[in-house]
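Structure first, then comments.
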Protein chains: 2
Amino acid sequence: MHAYEKIRAEMLHRITRQIWPAGSNLPHEEQLAAEFGVARGTIRRAMADLVQQGLVERRRKAGTRVTARSAHSSTLTIPIVRNEIIASGAQYGYKLLAAEKGGSALDMTGDFKDAPLLHICCLHLSDGRPYQFEDRLINLDAVPDAADHDFNGMSPNEWLVEKVPYSAVRTILRAEAADSAQARYLKIRKGSPVFVIERQTRLDILPVTLVKMSHPSDLFSITTQTSLFD
Amino acid sequence: MHAYEKIRAEMLHRITRQIWPAGSNLPHEEQLAAEFGVARGTIRRAMADLVQQGLVERRRKAGTRVTARSAHSSTLTIPIVRNEIIASGAQYGYKLLAAEKGGSALDMTGDFKDAPLLHICCLHLSDGRPYQFEDRLINLDAVPDAADHDFNGMSPNEWLVEKVPYSAVRTILRAEAADSAQARYLKIRKGSPVFVIERQTRLDILPVTLVKMSHPSDLFSITTQTSLFD
DNA sequence: ATATCTATTATGTATAGACATATCGATCAT
DNA sequence: ATGATCGATATGTCTATACATAATAGATAT
């Protein structure tokens with residue numbers, strides 16, 4: 001175990017056990033360096049992790065303060081659906097439903113209004129059961145290759161993630177009552193709950209793709225775990 | 001703008017524009033330091049941010065490789081419900097529904113089985129409309145003060161976040177069909193979709209609290225934005 | 001061919017020192 | 001009182017150097 005890890009663990013202990021209570025200032029770097037018998041850089045290395053975890057806030061001259069927690073943050077990972085299904089031990093299935101040029105009602109914000117578009121609908125299955133209904137717009141200005149690509153063999157999800165760069169992502173999570181399309185494709189009753197992930201990616205200001213992924217509520221959930229100690 | 005920020009921006013550019021394509025190795029630190037005319041430490045400072053964003057992976061001897069993206073990661077922040085409602089410009093309301101000692105059906109995993117428990121139900125309102133139904137177990141071994149606290153004035157959510165330390169959190173997001181309790185309190189029809197957040201916190205191995213927060217699907221969604229460039 | 005050792009190599013940790021910069025507080029002028 | 005000025009101070013950036021360590025690739029032995 002490295003020096004900075006020991007120091008980080010000790011500082012973590014002092015914070016979680018409120019030896020350094022929320023809102024209080026901790027000793028400054030020179031003092032901590034003296035206490036732990038290391039160089040200032042090593043204290044900074046340990047502190048960097050605490051800042052990243054959001055446990056302390058630092059400001060020049062003001063010093064380092066234990067954050068008064070007002071929210072729970074965690075990192076959310078949304079894997080490629082095929083990997084997710086395979087990881088669960090189930091058989092993955094895929095079916096292209098439609099691929100046509102032109103827009104769709106998906107583009108609520110109008111970000112894709114003036115662009116040449118490809119509209120794709122497909123279904124991902126887990127052991128033969130519909131798992132995700134994917135409804136997607138692709139901006140052909142950003143991804144010209146998509147126009148000629150055959151999405152029968154590989155889902156647009158996977159193809160895009162591998163092939164197309166992006167610099168910004170907006171993700172929305174919500175619950176919805178299934179409309180008739182979702183009900184038909186997911187083989188559930190209309191009005192029953194679906195878990196929806198909507199994601200839009202951009203490359204700088206250029207919109208790349210917008211996707212709405214709907215899941216039957218009994219098959220899908222998202223779990224995140226965070227532990228302050230590693 | 002600092003040197004490491006310029007270097008990070010340039011490296012970001014090379015990655016998103018696939019000058020350094022996914023899966024390839026980048027030049028090693030000494031070479032980059034020479035190219036940009038800085039010390040190795042400055043390259044490492046810039047690189048640290050790219051590692052944190054998950055854009056590159058580094059291994060000793062093997063070097064630094066552009067990550068082949070197979071998932072979308074983003075940071076999810078769940079604020080205290082009162083702050084969330086106030087931030088939206090609405091009036092916040094709160095009502096305690098029940099607070100009694102003893103367990104409940106909430107504890108599916110049995111983590112709280114042998115502990116003395118407090119079971120609290122309450123409702124958070126936005127402009128008078130039910131916004132969140134909170135159903136919570138508190139382990140009195142971890143939070144003895146909770147036994148004597150009056151939760152009529154302040155929600156357990158807020159009280160716990162301020163007062164009680166934790167070292168690990170598990171969060172589950174899912175959609176559900178409203179059961180009769182959710183329907184009654186949220187004033188929606190039974191079977192209509194609710195967005196559920198379930199969270200369990202621990203201090204080391206000691207379970208602290210388990211909460212299930214249910215929202216009417218038309219009032220609630222979670223949005224995350226990530227931009228590679230700051 | 002297979003396994004084991006060994007040298008090499010790129011990243012990781014740690015140190016020490018110099019200087020930059022935001023900002024808090026006190027002092028001073030209006 | 002109010003506002004401007006300025007010194008003190010804690011964090012932030014950067015350099016240069018030394019050594020540690022994991023992992024690979026190649027040499028060697030079985």
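Throughout, a chain's letter reflects where its sequence line sits, starting with A, and its residues are numbered from 1. In this text the structure is predicted, and so the values were computed from the model without any measurement.
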Pairs under 3.5 angstrom, nitrogen or oxygen only, protein versus nucleotides 3-5 of chain C, please.
none

Taking CZ from A/Arg44 and P from C/dA16, how many angstroms apart are they, rounded to a whole number? 16 Å
Given B/Gln31, which of B/Glu35, B/Glu29, B/His28 fulfils the side chain to side chain donor-acceptor pair (under 3.5 Å) condition? B/His28
Tell me, which of residues 20-34 of chain A have any heavy atom that sits under 4.0 Å from an atom in DNA chain C? none
Output one line per pair: protein atom, nucleotide atom from nucleotides 22-28 of chain C, and distance, for all N/O pairs under 3.5 Å.
from, atom 1, to, atom 2, distance (Å)
C/dC24, OP1, A/Arg59, NH2, 2.7

Just how far, in rounded Å, is C1' of C/dG12 from CD1 of B/Ile43? 16 Å
Whole angstrom value for the distance that separates P of D/dC14 from CD of B/Glu5: 8 Å
Using the test ring-ring contact (aromatic ring centres under 6.0 Å, His included), find all partners of A/Phe151 that sit at least two apart in sequence or belong to another chain. A/His149, A/Trp159
Please report the distance, rounded to the nearest Å, between CD in A/Glu57 and C1' in D/dG12. 17 Å
In numerical order, the residues of residues 63-71 of chain B whose heavy atoms come under 4.0 Å of DNA chain D are none
Between C1' on C/dT13 and CE on B/Met47, what's the gap in Å once rounded to a whole number? 17 Å
Have a look at B/Phe112 and tell me which of B/Val208, B/Leu117, B/Ile138 forms a side-chain contact (heavy atoms from CB on, under 4.5 Å) with it. B/Leu117
Considering only nitrogen or oxygen atoms on both sides, find all protein atoms under 3.5 Å from nucleotides 16-18 of chain D and state each distance.
none

With rounding to the nearest 0.5 angstrom, report the CD1 to CD distance, A/Ile19 to A/Glu10. 6.5 Å
May I have the distance from B/His2 (atom NE2) to D/dT15 (atom P), rounded to whole angstrom? 12 Å
